[in-house]
**Student:** 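Got a structure here, written out as structure tokens. Questions coming.
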Amino acid sequence: MALDMNFFEEMEARIPKGKVRTRFAPSPTGYMHVGNLRTALYTWLIARHAGGTFILRIEDTDQGRLVEGAVDVIYKTMAECGLDHDEGPDVGGPVGPYIQTERRGLYGKYAQLLVEKGAAYYCFCEKSESEEDSGDFNREDDPCRSLSAEEVAANLAAGKPYVIRQRIPHEGTTTFHDVSFGDITVENTTLDDQVLIKRDGLPTYNFANVVDDHLMGITHVVRGSEYLSSAPKYNLLYQAFGWEIPTYVHCSPVMRDQHNKMSKRHGDPSYEDLIAKGYLTNAVLNYVALLGWSPKGELAEKEFFTLSELVDAFDIAGISKSPAIFDIAKLDYFNANYLRAMEPEAFAKVAEPYIRESVKNPAIDAAAVAALLQARCEKLTEIPEKVDFFDTLPDYDVSFFTNKKSKTNSEVALDMLKAVTPMLELLPEWTAESIHGSLIGLAEGLGVKNATLMWPVRIAVAGKLVTPGGAVELCHILGRDETLRRLHLGIEKLQG
């Protein structure tokens with residue numbers, strides 16, 4: 001069957017030229033794992049740093065792995081992270097469609113073009129689907145590789161099911177270049193004749209990637225280092241078509257530890273999991289950016305980057321070929337710094353839902369509680385447990401009143417509470433300043449250190465050894481009536 005060469009010329013004419021074009025091409029399989037997010041981020045940064053175009057492409061040819069709602073997860077994650085795309089299924093563009101199954105009619109034509117060029121062949125052998133996808137079969141020549149044109153035509157006319165395989169040269173080597181790994185050369189005898197078009201007419205992942213990347217004008221391909229072994233086959237495809245080979249950027253895996261890659265199956269967190277665990281998107285992005293990339297020059301020691309600062313700093317030469325270990329303690333450190341750096345109003349807004357998980361009393365000012373927390377938490381999810389005492393005084397042990405450093409014990413604490421209660425009852429106004437002044441003045445009048453008075457007051461009003469904020473802040477937020485009620489309860493507890 002003669003091919004319509006005008007079709008291929010028209011497709012070539014559509015390809016944008018002259019600027020960097022990158023793509024993030026996830027499969028909609030349910031969630032965005034950390035490695036996937038890093039690929040999206042690096043791909044976006046390469047485009048933005050160069051003033052180029054960033055494309056979102058949905059790779060849904062593996063229909064068996066699709067998860068309902070997964071495309072929405074991709075859009076939501078990208079939007080939350082600020083990784084905006086210039087072209088994609090929802091915004092269109094000059095080289096659409098941007099969903100692979102909607103491009104189904106293209107791949108067969110390009111596979112046939114390879115057959116015409118002698119770089120691919122029809123295979124009518126019975127092999128399992130897993131073999132079709134992976135090329136995992138014995139390395140003896142496929143018998144269909146040497147079928148004559150007449151034999152192929154007869155099989156097609158008879159309606160025999162077939163796949164189309166890449167014809168790998170028997171001799172020589174193939175060399176490809178990667179930004180991180182340099183030049184890699186492989187013997188062609190080590191490569192299998194991989195399937196390009198499956199029996200159902202859909203392309204394999206490897207073939208669809210090459211065709212789509214070329215037709216979309218992709219200049220830089222970012223993917224995991226697990227695809228290094230496929231790169232020689234990609235190169236042979238590009239060469240067979242006569243197409244320019246893009247810049248390869250293979251990223252080493254994100255590891256849970258020295259020996260194991262991160263995996264959802266092993267309970268490692270996805271992006272959504274991290275957000276649900278109380279991490280800020282900006283902190284996650286900043287940390288993920290440094291998992292396998294490091295800035296150069298005067299920025300070499302810099303840790304904290306806004307997204308726009310990453311755009312300015314990002315250079316693909318900084319991508320490492322060494323695996324990166326995902327350290328949750330390091331992410332805690334980043335998150336704590338981002339929480340502390342927020343404007344107080346912004347922190348109060350993100351903290352309020354967590355505060356209200358345990359502080360249901362509307363009389364308690366959530367913004368005032370948030371002000372105590374901002375410098376004292378690493379994750380938002382720590383908040384409910386830290387502030388639950390504002391709603392309900394816990395049943396605490398009398399031993400809490402004893403503190404060697406503050407020079408208090410049960411007897412001293414009882415004296416302090418008996419002295420402070422009537423003074424607070426008569427306080428003219430209930431402000432942080434007036435509470436502070438009266439407590440400091442009382443400690444001076446009693447001839448004790450400030451801590452000797454403040455410790456028992458804080459224990460009595462909070463019922464916890466560790467609290468966000470000291471006695472003054474807690475009394476002020478609780479209000480006069482509740483503070484006095486709790487102080488009386490403390491006196492009763494100390495009196496036995």
Side-chain angles (χ1 to χ4, degrees), residues 7-28 36-61 71 74-75 77-79 81-103 106-107 110 176-180 203 205-224 227 230-231 234-235 237-251 289 293 307-308 310-319:
F7 166 80
F8 298 107
E9 290 168 8
E10 289 168 6
M11 295 299 292
E12 290 294 311
R14 295 175 62 196
I15 301 173
K17 309 280 187 190
K19 65 193 300 189
V20 167
R21 290 173 62 83
T22 68
R23 52 75 172 166
F24 177 53
S27 297
N36 226 8
L37 178 60
R38 185 185 64 173
T39 299
L41 177 60
Y42 286 4
T43 309
W44 184 86
L45 288 170
I46 291 169
R48 294 290 175 256
H49 181 78
T53 300
F54 177 63
I55 298 163
L56 177 63
R57 184 173 78 218
I58 303 298
E59 298 198 337
D60 60 345
T61 53
V71 173
I74 293 167
Y75 283 131
T77 302
M78 300 290 280
C81 293
L83 306 181
D84 57 317
H85 51 280
D86 306 299
E87 301 173 22
D90 54 336
V91 296
V95 289
Y98 294 89
I99 298 176
Q100 277 190 337
T101 49
E102 294 178 11
R103 301 169 65 82
L106 289 174
Y107 307 114
Y110 280 92
F176 68 94
H177 180 79
D178 177 81
V179 166
S180 302
Y205 171 86
N206 288 330
F207 186 54
N209 258 266
V210 169
V211 172
D212 287 342
D213 285 346
H214 174 71
L215 295 181
M216 292 184 178
I218 302 304
T219 60
H220 294 69
V221 172
V222 183
R223 57 178 168 239
Y227 293 105
S230 299
Y234 297 149
N235 270 30
L237 289 172
Y238 279 108
Q239 290 164 5
F241 281 122
W243 293 342
E244 185 177 348
I245 296 170
T247 299
Y248 293 141
V249 184
H250 287 89
C251 301
W293 171 82
L307 201 52
S308 61
L310 280 172
V311 169
D312 292 337
F314 198 79
D315 179 353
I316 56 176
I319 296 175

**Student:** Any side-chain heavy atom of Thr39 sitting closer than 4.5 Å to one from Cys251?
**Tutor:**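 Thr39 vs Cys251: side chains apart.
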**Student:** CG/Asp315 to CG/Leu45 distance, rounded to the nearest 0.5 angstrom?
**Tutor:** 11.5 Å
**Student:** Stepwise, does the side chain to side chain contact (heavy atoms under 4.5 Å, CB included) test hold for Leu41 with Leu307?
**Tutor:** CA-CA 10 Å; Leu41 177 60; Leu307 201 52; 4.0 Å; yes
**Student:** Between Arg57 (side chain) and Ala25 (backbone), is there a donor-acceptor pair under 3.5 Å?
**Tutor:** no
**Student:** Please check if the side chain of His250 supplies one atom and the backbone of Arg223 the other of a donor-acceptor pair under 3.5 Å.
**Tutor:** no
**Student:** For Trp293, does its backbone N or O pair with a side-chain atom of Tyr42 as donor and acceptor, under 3.5 Å?
**Tutor:** yes
**Student:** Would a 4.5 Å heavy-atom cut-off, applied to side chains only, mark Leu37 and Cys81 as touching?
**Tutor:**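 With C-beta onward as the side chain, the pair touches.
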**Student:** Give me the atom names and distance for the closest heavy-atom approach of Met78 to Ala40.
**Tutor:** SD-CB, 4.0 Å
**Student:** To the nearest 0.5 Å, what is the distance between CD (Glu102) and CD1 (Ile58)?
**Tutor:**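 That separation rounds to 10.5 Å.
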**Student:** Of the non-hydrogen atoms in Ala47 and Val20, which two are nearest, and what is the gap between them?
**Tutor:**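 Ala47 and Val20 have their closest heavy atoms at CA-CG1, 4.2 Å.
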**Student:** At what distance, to the nearest 0.5 angstrom, does CG of Leu56 lie from CG of Leu83?
**Tutor:** 10.5 Å
**Student:** Go through it in stages, so that I can follow the logic: the residues are Leu215 and Arg103, the test is side chain to side chain contact (heavy atoms under 4.5 Å, CB included), and I'd like the CA-CA distance, side-chain angles, deciding distance and then a yes or no.
**Tutor:** CA-CA 11 Å; Leu215 295 181; Arg103 301 169 65 82; 3.8 Å; yes
**Student:** Using 0.5 Å steps for rounding, measure from the CZ atom of Arg21 to the CD atom of Glu87.
**Tutor:** 4.0 Å
**Student:** With the side chain counted from C-beta on, respond yes when Tyr107 and Gln100 share a heavy-atom pair under 4.5 Å apart, and no when they do not.
**Tutor:**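 Yes; the side chains approach each other to less than 4.5 Å.
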**Student:** Is there a side chain to side chain contact (heavy atoms under 4.5 Å, CB included) between Glu59 and Asn209 once you walk through the steps?
**Tutor:** CA-CA 9 Å; Glu59 298 198 337; Asn209 258 266; 3.3 Å; yes
**Student:** Going by atom types only, do Asp60 and Thr101 share a side-chain donor-acceptor pair under 3.5 Å?
**Tutor:** yes
**Student:** Roughly how far, to the nearest 0.5 Å, is the CD1 atom of Ile245 from the OH atom of Tyr234?
**Tutor:** 13.0 Å
**Student:** Can you see whether Asn206 engages Tyr227 through a side-chain donor-acceptor pair at a distance of less than 3.5 angstrom?
**Tutor:**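 No, Tyr227 and Asn206 have no side-chain donor paired with an acceptor closer than 3.5 Å.
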**Student:** Does the side chain of Trp44 come under 3.5 Å of the side chain of Asp84 through a donor N or O and an acceptor N or O?
**Tutor:** yes
**Student:** Verify, without hydrogens or angle tests, whether Arg14 (side chain) and Pro94 (backbone) share a donor-acceptor contact under 3.5 angstrom.
**Tutor:** yes
**Student:** Kindly indicate whether the side chain of Ile319, heavy atoms from C-beta on, has any atom under 4.5 Å from the side chain of Val249.
**Tutor:**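 A side-chain contact exists here, since the closest heavy-atom pair is under 4.5 Å.
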**Student:** Check Phe207 against Pro203 and note the closest heavy-atom contact, atom names and distance.
**Tutor:** CD2-CB, 4.3 Å
**Student:** Taking all non-hydrogen atoms of both residues, which atom of Pro28 and which atom of Ile74 are closest, and how far apart?
**Tutor:** CA-CD1, 4.1 Å
**Student:** Determine yes or no for a side-chain-to-main-chain donor-acceptor pair under 3.5 angstrom, with Arg23 supplying the side chain and Asp213 the backbone.
**Tutor:** no
**Student:** Checking side chain to side chain contact (heavy atoms under 4.5 Å, CB included) for the pair Val210/Tyr110: CA distance, chi angles, key distance, verdict?
**Tutor:** CA-CA 10 Å; Val210 169; Tyr110 280 92; over 6 Å; no
**Student:** Please round to the nearest 0.5 Å and tell me the distance separating atom OG1 of Thr247 and atom CD1 of Ile46.
**Tutor:** 9.0 Å
**Student:** Evaluate the criterion ring-ring contact (aromatic ring centres under 6.0 Å, His included) for residue pair Phe176 and Tyr238; output intermediate values, then yes/no.
**Tutor:** CA-CA 11 Å; Phe176 68 94; Tyr238 279 108; over 10 Å; no
**Student:** Could you go step by step and tell me if Tyr98 and Asp90 meet the side chain to side chain donor-acceptor pair (under 3.5 Å) rule?
**Tutor:** CA-CA 9 Å; Tyr98 294 89; Asp90 54 336; over 6 Å; no
**Student:** Just by modelled atom types, is the Phe54 backbone N or O under 3.5 Å from a matching donor or acceptor in the Thr22 side chain?
**Tutor:** no
**Student:** How close do Asp86 and Gly52 get, heavy atom to heavy atom, and via which atoms?
**Tutor:**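 Heavy-atom minimum between the residues: OD2-O, 4.0 Å.
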**Student:** Quick one: does any side-chain atom of His49 pair with a main-chain N or O of Phe314 as donor and acceptor, under 3.5 Å?
**Tutor:** yes
